[in-house]
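Since the structure comes first, as structure tokens, the remarks are kept for the end.
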2 protein chains.
Amino acid sequence: MKEIAVLGECCPQLLAAPLDEDDAELLATGFKALADPVRLRLLSLIANAPDLTACSCDLEEPVGKSQPTVSHHLSVLADAGLITKEKVGRWVNCTLVPERMAGLREALAV
Amino acid sequence: MKEIAVLGECCPQLLAAPLDEDDAELLATGFKALADPVRLRLLSLIANAPDLTACSCDLEEPVGKSQPTVSHHLSVLADAGLITKEKVGRWVNCTLVPERMAGLREALAV
DNA sequence: TGCATGCATCGATAACTGTCGATACATTGA
DNA sequence: TCAATGTATCGACAGTTATCGATGCATGCA
């Protein structure tokens with residue numbers, strides 16, 4: 001199993017050369033995290049927050065989902081490397097990882 | 001329901017502004033199509049074929065899936081606007097739609 | 001006309017996923 | 001130490017999805 005970090009680094013394998021099975025799996029993991037409207041809105045909220053960072057507690061109301069559901073989606077985003085979560089006191093700060101976004105973005109270059 | 005074509009056009013709503021529910025749904029539909037390793041490999045094969053076009057019959061063996069499964073995935077890609085399918089004689093030619101790829105790509109710009 | 005072939009559809013099944021209420025955990029403040 | 005609060009986890013349920021064998025449909029070829 002390749003490291004997710006590989007994708008975050010410079011210009012991964014894109015569609016300019018046939019994907020092998022491992023690369024496809026790796027990319028699919030990333031896109032799977034983007035394949036849900038609630039997660040896209042969460043990402044959008046975080047991306048538009050100061051320092052690309054938002055408190056988890058400020059995200060439930062805008063997306064209109066329950067606390068466990070938002071927590072679940074944030075974990076999916078974190079597992080996919082799209083955000084990082086840092087616990088500070090009672091709250092959890094979520095920060096966008098632009099490099100990972102760029103990595104997935106580059107994968108779509110034709 | 002917004003038209004998929006909207007996304008294919010120039011520079012859609014990206015993460016630079018909070019996504020509304022409809023935009024999120026629209027983008028998620030696209031990424032959902034990308035969220036499977038088999039489909040990514042199919043896209044990759046098509047993208048690397050001459051004229052961005054490949055015969056459906058040449059795709060089953062490389063991805064190692066059954067004919068119905070490949071047919072299903074190609075339909076998903078076509079429904080998402082990522083490829084077009086044209087029946088020519090007994091075969092079906094699949095062609096990549098670079099504009100749609102670019103549309104989803106731009107959505108990830110930070 | 002009849003046969004071979006490439007593709008789509010159907011039916012079935014197993015696996016995954018989004019959602020939420022209930023609950024447990026941890027941290028802060030009184 | 002105790003109560004309040006922000007998160008994570010658990011259990012459950014409904015809906016979706018990936019997969020394939022069997023079958024049907026249409027086209028080209030002999």
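Not measured: the values here are computed from a predicted model.
For the pair Ile83(A) and Ile46(A), the minimum side-chain heavy-atom distance is below 4.5 Å.
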Look for any protein N or O under 3.5 Å of an N or O in nucleotides 21-30 of chain C and output each such pair with its distance, or none.
none

Between the protein and nucleotides 15-18 of chain C, which nitrogen or oxygen pairs come in under 3.5 angstrom?
residue, atom, partner, partner atom, Å
dG18(C), OP1, Arg39(A), NH1, 3.2
dG18(C), OP1, Arg39(A), NH2, 2.8
dG18(C), OP2, His72(A), NE2, 3.4

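Smallest separation of non-hydrogen atoms from Leu59(A) and Ala54(A): CD2-CB, 4.2 Å. Val97(B) and Gly81(B) make their closest contact through CB-O, 3.5 Å (heavy atoms, listed as atom of the first residue, atom of the second, distance). Taking every heavy atom of both residues into account, Ala80(A) and Ala33(A) meet most closely at CB-CB, 3.5 Å. Nearest heavy atom pair, residue Leu108(A) against residue Phe31(A), reads CD2-CZ, 3.7 Å. Of all heavy-atom pairs spanning Gly30(A) and Leu82(A), the tightest one is O-CD1, 4.3 Å.
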Please list, one pair per line, the donor and acceptor atoms closer than 3.5 Å that link side chains of residues 65-76 of chain B to other protein atoms, with sequence neighbours excluded.
residue, atom, partner, partner atom, Å
Ser66(B), OG, Thr69(B), N, 3.4
Ser66(B), OG, Thr69(B), OG1, 3.0
His73(B), ND1, Arg39(B), NH1, 3.0
Ser75(B), OG, Ser71(B), O, 3.2
Ser75(B), OG, Lys85(B), NZ, 3.1

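Contact footprint of chain A on DNA chain D: nucleotides with an atom under 4.0 Å from a non-hydrogen protein atom, first to last in 5' to 3' order, dA4(D) to dT9(D).
The distance from the CG atom of Leu40(B) to the CD atom of Glu25(A) is 9.5 Å, given to the nearest 0.5 Å. Of the inter-residue distances, the one linking Ser44(B) atom OG with Leu27(A) atom CG reads 9.5 Å to the nearest 0.5 angstrom. With rounding to the nearest 0.5 angstrom, the CG atom of Leu77(A) is 9.0 Å from the CG atom of Asp36(A). Thr29(A) contributes atom OG1, which lies 9.5 Å from atom CG of Leu104(A) (distance to the nearest 0.5 angstrom).
Cys55(A) meets the side-chain contact (heavy atoms from CB on, under 4.5 Å) test with Cys57(A), Asp58(A), Trp91(A), Asn93(A); sequence neighbours excluded.
Between the two ends of the helix from dT1(C)-dA30(D) to dA30(C)-dT1(D), each summarised by a five-pair axis, the helix axis turns through 30° (rounded to 10 degrees).
Ser75(B) comes within 4.0 angstrom of no nucleic acid atom, judged by non-hydrogen atoms across all strands.
One interatomic measurement links the two molecules: CD of Glu60(B) to C1' of dA8(C), which rounds to 12 Å at whole-angstrom precision.
By the rule that hydrophobic residues join a cluster once side-chain heavy atoms approach within less than 4.5 Å of another member, Leu45(A) and Leu43(A) end up as members of one cluster.
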